[in-house]
2 protein chains.
Amino acid sequence: MRMSDGVEWAAHACALLAALPEGVGVSAALLAEFNDLPPAYMAKHMQALARAGVVTSARGAGGGYRLARPASEVTLWDIVEAVEGPEPAFRCTEIRQKGPCAAKPAECRHPCQIAAAFHAAEKAWRGSLKAVSLASILADLARKQSPARRAELLAWLETKL
Amino acid sequence: MRMSDGVEWAAHACALLAALPEGVGVSAALLAEFNDLPPAYMAKHMQALARAGVVTSARGAGGGYRLARPASEVTLWDIVEAVEGPEPAFRCTEIRQKGPCAAKPAECRHPCQIAAAFHAAEKAWRGSLKAVSLASILADLARKQSPARRAELLAWLETKL
DNA sequence: GTACCCCTACTCGGATAGCGAGTGTCCGAGTCGGAATGG
DNA sequence: CCATTCCGACTCGGACACTCGCTATCCGAGTAGGGGTAC
């Protein structure tokens, strides 16, 4: 099982958007340049975030992406769901209904014990991701990152806006 | 993100092995037939379980696979780890060290907030899977499955052993 | 009758093709800002 | 000097190739068990 790299990219991009002053848009190309990523592919993932309503997009000069909601209301799960889709990683194929000892559909109104356990595990995973918002990430970062470095990053962004 | 179907197959196969009397081996072909799965592919996953030490294999007539440990000591995580490998789904590529504002390696002794959050979420996921053993699955099943059906399954297996 | 040997059938194990999701890229659609122009 | 129009540059958005890992399969390696043979 492997998570798409795009999730990491999207998460970092959203963290950057959350750190910006309100009302400022950033192009996908700039977001890509900031982390040395392929611009076109980065744009593709930003489109996914826009479709999911995590960010809003504006075309034309001075346009770009910005967060659609306050940073405290955007969780990591929102980003994962936007980029990878809402489907669970574990998908029960109901093999208990196959083979010479197949269970009848009437007996399968409830998921089998194995599927239930995997669904519970994924629920725990999602819950953990839903508990982390962009705001909490930035708060954590502010505590551990030197103010000098933070200023350095914002200064670089200023030159590009 | 998508989990390999082999995990579901392996989990059901292990549950079947756990339900058998001790000392009985079952061939990969029979495990596959029981759930109408491709025999050769099923065998491949059983090999993975054997390599990981979840099951033991015996060649020759009357051989096959059996659990390497009591069912209470085999968790769903053991099976996932055996089939999919121990690597986490989220793999931080350290993009903070790339680009024009790259962080220096000395600043990156700790994982970034995003990677930390994903690792915590996966830890919760693994923890949930480690809490479910084959024994607990069988206990749950015994509570919900009719005794008649259980007898039916064992009867079919008898004819094939 | 018994012990030994060989042979067959059965099982695992790794090496080998095929396919689909994710990866990466490009060009067209749409929009804003400013420069040029005429009143 | 000001309003209007037009043009250009910038940005998003979806459509098009490519790659790698999961899917699926086959054939060789190794072993247990039984039958045959010699003593």
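By convention in this document, chain letters (A, B, ...) are assigned in the order of the sequence lines, proteins followed by strands, and residues within each chain are numbered from 1. Everything quoted here is computed from the prediction, not taken from an experiment.
Residues of residues 1-18 of chain A that place a heavy atom closer than 4.0 Å to DNA chain C, in numerical order, are A:Ser4, A:Asp5, A:Trp9.
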Could you please spell out the steps behind the side-chain contact (heavy atoms from CB on, under 4.5 Å) verdict for A:Leu129 and A:Thr75? CA-CA 7 Å; A:Leu129 290 180; A:Thr75 69; over 6 Å; no

Under the criterion side-chain contact (heavy atoms from CB on, under 4.5 Å), I'd like the reasoning laid out for B:Ile137 against B:Leu76: C-alpha separation, chi angles, the key distance, then a yes or no. CA-CA 10 Å; B:Ile137 288 178; B:Leu76 284 183; 4.0 Å; yes

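Follow the hydrophobic side-chain contacts under 4.5 Å out from A:Leu16 and you never reach A:Leu141; the two are in separate clusters. There is a path of hydrophobic side-chain contacts, each under 4.5 Å, that joins B:Ile114 to A:Leu153.
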What nitrogen or oxygen pairs link the protein and nucleotides 5-9 of chain D at under 3.5 Å?
none

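Between B:Gln113 and A:Lys144 the shortest side-chain heavy-atom distance falls below 4.5 Å.
Whole-Å rounding puts the A:Arg66 CZ to D:dT11 P distance at 13 Å. For the pair B:Leu30 CG and C:dC10 C1', the computed distance is 13 Å after rounding to whole Å. In this entry the distance linking CD of B:Gln47 with P of D:dT23 reads 15 Å, nearest Å. If you take CZ of A:Arg59 and C1' of C:dT31, they are 8 Å apart, rounded to a whole angstrom. B:Leu31 has its CG atom 12 Å from the C1' atom of C:dT11, to the nearest Å. The CE atom of A:Met42 sits 17 Å away from the P atom of C:dC26 (whole-angstrom rounding). Following rounding to the nearest Å, B:Tyr41 (OH) and C:dG18 (P) show an atom-to-atom distance of 17 Å. Rounded to whole Å, atom C1' of D:dA17 lies 12 Å from atom NZ of A:Lys44.
Nucleic acid contact class of B:Ala29 (heavy atoms, under 4.0 Å, all strands): none. Counting non-hydrogen atoms under 4.0 angstrom, B:Ala43 reaches nothing in the nucleic acid. Across all strands, B:Gly62 comes closer than 4.0 Å to no nucleic acid atom at all (heavy-atom distances).
By the 30° and 60° cut-offs, the orientation of the rings of B:Phe118 relative to B:Phe90 is parallel.
Crowding of B:Arg150 atom CZ: a count of heavy atoms from other residues, nucleotides or ligands under 6.0 Å not exceeding 12.
Remark: the backbone N or O of B:Val7 is not paired with any side-chain donor or acceptor of B:Glu84 at under 3.5 angstrom.
Across A:Leu31, A:Asn35, A:Leu37, A:Val83, a single residue satisfies side chain to side chain contact (heavy atoms under 4.5 Å, CB included) together with A:Trp9, and that is A:Leu37.
When the side-chain nitrogen and oxygen atoms of A:Ser57 are compared with OP1 and OP2 of D:dG13, one or more of them lie within a distance under 4.0 Å.
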